[in-house]
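What you see is a predicted model; the values in this text were computed from it and never measured.
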Amino acid sequence: MSYTADPRVLFAAERTLLAWQRTAIALMGLGFVVERSGLFLQMSLHQSLSGPQRSFSLGLGVLLLVLGAVVALVSARQFRQVTKALGPDVVPPGYWTHVGVALNIAIALIAVVLALHFVWPAP
């Protein structure tokens with residue numbers, strides 16, 4: 001019997017997808033906090049931050065947001081690869097394996113939109 005014929009493989013893959021999803025959301029949250037920490041320092045010190053100080057928090061925050069988006073997309077792709085390798089008898093009837101992938105894609109899109117908002121703020 002192949003390991004892909006075991007239904008537990010699908011659920012293990014789904015748990016792994018959810019773990020990577022949490023990691024992507026944590027990276028995005030950290031990126032948001034780091035980016036906004038420059039604004040918080042500016043408000044609490046009642047003075048404007050220098051260019052390098054603002055650029056550092058902006059760059060690091062955007063980098064973490066983009067990294068979160070990449071993690072979400074890569075984990076979605078990996079999950080799709082695993083589900084394609086599984087036999088049709090392993091997936092329970094009516095079980096939606098694409099919901100987690102769609103959610104990861106939505107998370108990645110949100111991260112990219114936030115990153116673009118930080119880089120090019122509205123006028």
side-chain hydrogen bond (donor to acceptor under 3.5 Å, both in side chains) partners for R8, two or more places apart: D6
For A72, enumerate each residue passing the side-chain contact (heavy atoms from CB on, under 4.5 Å) test, keeping only those at least two apart in sequence or located in another chain. A24, N104, I107, A108
Considering all heavy atoms of both residues, which atom of A69 and which atom of V112 are nearest to each other, and what is their separation? CB-CG2, 4.1 Å
With sequence neighbours excluded, give me every side-chain hydrogen bond (donor to acceptor under 3.5 Å, both in side chains) pair touching residues 105-114. none
Can you measure from CG (L27) to CZ (R22) and round to the nearest 0.5 angstrom? 13.0 Å
What pairs meet the ring-ring contact (aromatic ring centres under 6.0 Å, His included) rule with one or both residues in residues 15-37, with sequence neighbours excluded? F32-F118
What residue pairs, at least two apart or across chains, pass side-chain hydrogen bond (donor to acceptor under 3.5 Å, both in side chains) with a residue in residues 61-71? none
Cluster question for you: counting only ILVMFWY and a side-chain heavy-atom cut-off of under 4.5 Å, with indirect links fine, are L64 and F56 together? yes
Using the rule that Ile, Leu, Val, Met, Phe, Trp and Tyr join whenever any side-chain heavy atoms are under 4.5 Å apart, tell me whether L116 and L58 fall into a single cluster. yes
Mind checking whether Y95 and E14 have side chains closer than 4.5 Å, heavy atoms only? yes
Apart from W96 itself, its cluster of hydrophobic side chains linked below 4.5 Å comprises V99
Which atom pair, heavy atoms only, marks the closest approach of V34 to G61? CG1-N, 3.8 Å
Residues at least two apart in sequence or cross-chain that pass side-chain contact (heavy atoms from CB on, under 4.5 Å) with L109, listed by chain then number, are I105
For V119, enumerate each residue passing the side-chain contact (heavy atoms from CB on, under 4.5 Å) test, keeping only those at least two apart in sequence or located in another chain. V62
Rounded to the nearest 0.5 angstrom, the CG-CG distance for L60 and L67 is 10.5 Å
Please answer: with hydrophobic residues joined when any side-chain heavy atoms are less than 4.5 Å apart, are L114 and V66 in the same cluster? yes
Compare all side-chain heavy atoms of T97 with those of R80 and state whether any distance is below 4.5 angstrom. yes
Can you find a pair of side-chain heavy atoms, one from L10 and one from V91, that are under 4.5 Å apart? yes
So CD of Q81 and CG of L86: to nearest 0.5 Å the spacing works out to 11.5 Å
Would you name the heavy atoms of M28 and L65 that are closest together and state the gap between them? O-CD2, 3.6 Å
Sorted by chain and number, sequence neighbours left out, side-chain contact (heavy atoms from CB on, under 4.5 Å) with V33 holds for none
